[in-house]
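Worksheet: the structure to be examined is printed underneath.
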Number of protein chains: 2
Amino acid sequence: MTYNHEKIWLSIDCLVFGYDVKDENLKLLLFERKVNPFAGSWSLIGGFVNVNEDICHSAERVLKTFTGLEDVFLEQLHTFGKTERDPGGRVVSILYWSLIKLDDIKKDIVNSHGARWFELDKLPNLILDHERMVNLGVSQLKKNAISSPIGFELLPEKFTIPQLLRLYEAIYNRSIDDRNFRKKILSTDILIRLNEKDKTNSKKGAYLYKFNEENYQRLKSEGYHLDIAIG
Amino acid sequence: MTYNHEKIWLSIDCLVFGYDVKDENLKLLLFERKVNPFAGSWSLIGGFVNVNEDICHSAERVLKTFTGLEDVFLEQLHTFGKTERDPGGRVVSILYWSLIKLDDIKKDIVNSHGARWFELDKLPNLILDHERMVNLGVSQLKKNAISSPIGFELLPEKFTIPQLLRLYEAIYNRSIDDRNFRKKILSTDILIRLNEKDKTNSKKGAYLYKFNEENYQRLKSEGYHLDIAIG
DNA sequence: ATATATAACCGTAAATTTAACGTTTAAATT
DNA sequence: AATTTAAACGTTAAATTTACGGTTATATAT
């Protein structure tokens, strides 16, 4: 016992955003809380930090436990520490967020673990300060989609420009001019066009692109800023 | 005991940045650590979170205790939680930062509490992961000075445009074109020109400005972005 | 008194970027 | 062969940014 001070419960909460290119909707993963207080209510996925565990590993563990997912985008957002935030005791909670490219496989994995996807504008009431956490996450999403091409975390490896556009429209909840968007995003040299087309949405087919990891990292470090025109 | 889980030491560390319009230098406040391990080494100011205390109040208390300062800009940055970050035990630390407008009074208050200001490029070795924390703070400073006019937190209530310019030059560590800077910052309607001049730096004197709090808040919420031209 | 020096301040033109919109293309369907 | 539709390409005016040059006010030196 090197330090002589009182200790505190430390927890992780995790905002899991998912995007499905098929139905073009942003979703949030929620879980039916099993422990009291508030057992049975909807909440973010979460759990306690163990003493012998890095907090980033706690977050990975929580995500894995509740969703089966691993090796996905997972980042710390903010720490919530009001004394009265949890009536069950003094718990300080570190909020993480994860961005998931939804496909049927991932949807199934998640469902089999008892969590459920909700559309962002159809969320149920949430326990504790979880609503504040959601708001923080949504505003971070908007902020990040401008200042770094974080949108890519939500799309499959190969995607079309129209798909990317519709993701941005879902994040900003408004329409965006497709011609200007295309020009802007292509001018960043962040996309690599493949010799493949996706024909699920049109007869002509849309070119598939992948993501230039190198240029992405460069832009990120140089402090890139993508302004998106209102359509 | 509502929850059955092990608890953890939770601490606050606080990056205190100061700027003095006289010597035009960005400074960081450091403290000679009193407790083992590493007693005698330089560290950020910090302390443990009490069970009955909001973490933001812990941060305020830590700042007050070490510097005598209160009612200053203080914001949470990030939580550091590697298991091996502190050889003294498992301590998860929440990093805050504070931005201070330095004047002689504040300098004295701080000195009398045993802390010391260091210029950013002349920092001593720091304990634990405090160097990482400093790096995070510096990059946040650059990021924030672009996306919100956070620079104002570091200037006195009345300041001149040349002073504001030199602060930005100190933050970005490069020269900025004064004519374009002036145009840009005035176009935001964030400054209110006073009928007073500051003549410490020139015979002509530079107009003093104050800060339009209302427009500042508006710009901040609208997601303002100040691009600064290289001179 | 007048000249000088200097920071503060003002202005402009070229280059670039943004915003708003029209047109063409490819391929499946009728 | 005509039609339809999403995808892709192109154009122009307006706004902004960049890179400068010139003017102003005033303390200090002559």
Side-chain angles (χ1 to χ4, degrees), chain A residues 21-24 145-147 155 158-170 172 174-210 219 222-231, chain B residues 21-24 145-147 155 158-170 172 174-210 219 222-231:
Chain A
V21 288
K22 280 187 202 146
D23 64 11
E24 297 172 356
I146 285 186
S147 62
L155 289 173
K158 298 174 180 183
F159 54 88
T160 67
I161 290 185
Q163 281 172 343
L164 183 61
L165 171 71
R166 286 190 287 271
L167 168 60
Y168 270 84
E169 289 184 325
Y172 290 102
R174 65 173 205 217
S175 71
I176 295 169
D177 185 278
D178 61 328
R179 293 150 291 190
N180 293 334
F181 180 80
R182 180 183 297 273
K183 262 181 287 182
K184 191 105 187 192
I185 203 79
L186 286 174
S187 73
T188 61
D189 267 332
I190 230 175
L191 299 185
I192 298 171
R193 190 165 97 172
L194 306 172
N195 270 327
E196 291 177 75
K197 284 191 165 189
D198 173 272
K199 296 202 175 178
T200 50
N201 283 301
S202 79
K203 298 144 190 174
K204 183 180 177 180
Y207 279 109
L208 283 163
Y209 287 80
K210 68 176 186 181
L219 273 185
E222 283 174 6
Y224 146 85
H225 184 81
L226 184 78
D227 265 313
I228 294 161
I230 303 173
Chain B
V21 287
K22 281 187 200 147
D23 64 12
E24 296 173 356
I146 285 185
S147 62
L155 288 174
K158 298 175 181 182
F159 53 88
T160 68
I161 289 185
Q163 282 172 343
L164 183 62
L165 171 70
R166 285 190 287 271
L167 168 60
Y168 271 83
E169 290 184 325
Y172 290 102
R174 66 173 203 218
S175 69
I176 295 169
D177 185 278
D178 62 327
R179 293 150 293 189
N180 292 335
F181 180 80
R182 180 184 298 273
K183 259 182 291 182
K184 190 106 190 189
I185 203 79
L186 286 175
S187 74
T188 61
D189 268 331
I190 230 176
L191 299 185
I192 298 171
R193 191 165 97 172
L194 306 173
N195 270 327
E196 291 177 75
K197 284 192 164 188
D198 173 273
K199 296 203 174 178
T200 50
N201 282 302
S202 80
K203 296 144 192 174
K204 185 179 177 181
Y207 279 109
L208 284 163
Y209 288 79
K210 68 176 187 183
L219 273 185
E222 283 175 5
Y224 146 85
H225 183 80
L226 183 77
D227 265 312
I228 294 163
I230 303 173

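First the proteins, then the strands, lettered A, B, ... as listed; each starts at 1.
- Atom pair Tyr209(B):OH and dA8(C):P shows a separation of 12 Å (rounding to whole Å applied).
- Between the P atom of dA8(D) and the CG atom of Leu164(A) lies a distance of 12 Å, rounded to the nearest Å.
- We find that CZ of Arg193(A) is positioned 11 Å from C1' of dC9(D), with the value rounded to whole Å.
- Annotation: side-chain contact (heavy atoms from CB on, under 4.5 Å) contacts of Asn201(A) (sequence neighbours excluded): Arg166(A), Asp198(A).
- For the pair Asp178(A) CG and dC21(C) P, the computed distance is 13 Å after rounding to whole Å.
- At whole-Å resolution of the value, CD in Gln163(B) and P in dA7(C) are 15 Å apart.
- One atom, CZ of Phe181(A), and another, C1' of dC9(D), lie 16 Å apart when rounded to the nearest Å.
- The separation between Ile185(A) atom CD1 and dT18(C) atom P is 12 Å, rounded to whole Å.
- For Glu24(A) (side chain) and Ala170(A) (main-chain N/O), no donor-acceptor pair under 3.5 Å exists by modelled atom type.
- Distance check: Leu208(B) CG to Ile161(B) CD1 gives 10.5 Å after rounding to the nearest 0.5 Å.
- Between the CG atom of Leu164(B) and the CD atom of Glu169(B) there is a distance of 10.5 Å, given to the nearest 0.5 Å.
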Filtered N/O pairs between nucleotides 11-15 of chain C and protein, under 3.5 Å:
unit_1  : atom_1 : unit_2    : atom_2 : d
dT12(C) : O4     : Lys183(B) : NZ     : 2.6

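- When Watson-Crick and G-U wobble pairs are counted only if both distances are under 3.5 Å, dT30(C) pairs with dA1(D).
- Judged as a side-chain contact (heavy atoms from CB on, under 4.5 Å), and not counting sequence neighbours, the contacts of Ser202(B) are Lys204(B).
- In this structure Lys183(A) satisfies the side-chain contact (heavy atoms from CB on, under 4.5 Å) test together with Asn180(A), sequence neighbours excluded.
- In this structure, the separation between CD1 on Ile185(B) and CG on Leu165(B) is 10.0 Å, given to the nearest 0.5 Å.
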Leu186(B) vs Tyr209(B), side-chain contact (heavy atoms from CB on, under 4.5 Å): CA-CA, chis, key distance, verdict
CA-CA 11 Å; Leu186(B) 286 175; Tyr209(B) 288 79; 3.9 Å; yes

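- Here Arg182(B) pairs with nothing under the side chain to side chain donor-acceptor pair (under 3.5 Å) rule; sequence neighbours left out.
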Protein and nucleotides 26-29 of chain C: nitrogen or oxygen contacts under 3.5 angstrom:
unit_1  : atom_1 : unit_2    : atom_2 : d
dA27(C) : O4'    : Lys203(A) : O      : 3.4

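- Spacing between atom CG of Asn201(A) and atom C1' of dT5(D) amounts to 11 Å, rounded to whole angstrom units.
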